[in-house]
Amino acid sequence: RVSKSISSPFIFQSINRNMIALQPIHTEHALYLFVEKLLHSAFPSDERRDDEQQRAYTDGNNKFRCLLIRDFDKPIGLLTYWDFVDFVYVEHFAIDENLRGNGLGAQAMHMFLQDMDRPVVLEVEMPRVKGDITHRRIAFYRRQGFSLKRMPYRQPPYRTGDKWLPMKLMSYGKVKWLRIAELVRDTIYSEVYGV
């Protein structure tokens with residue numbers, strides 16, 4: 001089975017004159033440092049891997065993809081994902097904090113989802129206080145067409161000594177969730193986290 005994946009930049013012209021592009025990059029790209037800095041500012045250390053391993057996956061893991069999100073030539077965000085046979089797992093997605101709230105993240109996610117021919121899965125933090133960032137994040141993904149799954153789920157640690165984190169999974173696309181739930185969890189655990 002041939003999987004469909006992003007191999008060249010996708011361009012999206014919005015009505016508010018943004019020109020959003022998703023560009024696959026590797027560590028030798030001039031803007032990779034932007035991606036790395038955004039990973040650090042948008043995700044705490046227990047929700048991302050060490051830089052050395054991130055770079056190794058970006059350059060050498062054939063299932064892992066790192067996308068730079070641009071508005072014209074300006075770097076504005078990142079999206080990393082894992083391209084598995086039965087589903088796609090979005091590991092990290094972030095827009096520069098100075099540019100959030102302008103619809104750029106929704107445009108970028110819309111572009112990404114339009115190219116996927118399989119279910120797309122991602123982790124979100126457990127909802128806490130109503131109206132906080134965890135609820136807003138879940139609401140954002142719901143607006144993109146994702147649904148929150150009820151199954152218990154914990155994010156394995158990225159490094160020795162870190163704790164398992166309570167999370168929730170969300171999925172996009174036509175999914176018979178009960179049929180693939182264990183496959184999704186087990187694949188993410190073994191391929192992404194190595195447990």
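In this structure, the separation between CE on Met151 and CH2 on Trp177 is 6.0 Å, given to the nearest 0.5 Å. To the nearest 0.5 Å, atom CD of residue Gln53 and atom CG of residue Asn61 are 9.5 Å apart. Put simply, NE2 on His29 and CZ on Phe34 are 12.0 Å apart, with the number rounded to the nearest 0.5 Å. Taking CZ of Arg48 as the reference point, atom CG of Leu39 lies at 7.0 Å (rounded to 0.5 Å). Between the CG atom in Leu38 and the CG atom in Leu33 there is a gap of 11.0 Å [rounded to 0.5 Å]. One finds the CG atom of Leu68 at 11.0 Å from the CG atom of Leu79 (value rounded to the nearest 0.5 Å).
At a threshold of 4.5 Å between non-hydrogen side-chain atoms, the residues Trp82 and Ile188 do not count as touching. Taking the side chain as every heavy atom from C-beta outward, Leu113 and Phe146 approach each other to under 4.5 Å. Inter-residue side-chain proximity for Gln54 and Thr80 is flagged as met; some heavy-atom pair is nearer than 4.5 Å.
When each of Tyr89, Phe112, Phe64, Phe87 is paired with Tyr81, the ring pair (Phe, Tyr, Trp, His ring centres under 6.0 Å) condition holds for Phe112 and for no other.
The aromatic ring centres of Tyr193 and Trp164 sit 6.0 Å or more apart.
The side chain to side chain donor-acceptor pair (under 3.5 Å) test applied to Arg185 returns no partner, not counting sequence neighbours.
Listed for the Lys168 side chain is no donor-acceptor partner under 3.5 Å among the backbone atoms of Glu123. Here the side chain of Gln155 pairs a donor or acceptor atom with the backbone of Asp46 at under 3.5 angstrom. Side-chain N or O atoms of Asp59 include one that pairs as donor or acceptor with a backbone N or O of Thr27 at under 3.5 Å.
Looking at Glu28 and Tyr32, their side chains never bring a donor and an acceptor atom within 3.5 Å of each other.
Electrostatic pairing of Asp83 and Arg65 counts as a salt bridge here, judged by a charged N lying under 4.0 Å from a carboxylate O. Looking at Asp71 and Lys74, no side-chain N of the basic residue comes within less than 4.0 Å of a carboxylate O on the acidic one, giving no salt bridge.
Between His92 and Phe43, the ring-plane angle classifies as perpendicular under the 30° and 60° cut-offs.
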For the pair Tyr172 and Gln144, evaluate side chain to side chain donor-acceptor pair (under 3.5 Å) and give the outcome as yes or no after the intermediate values. CA-CA 8 Å; Tyr172 172 88; Gln144 310 316 308; over 6 Å; no
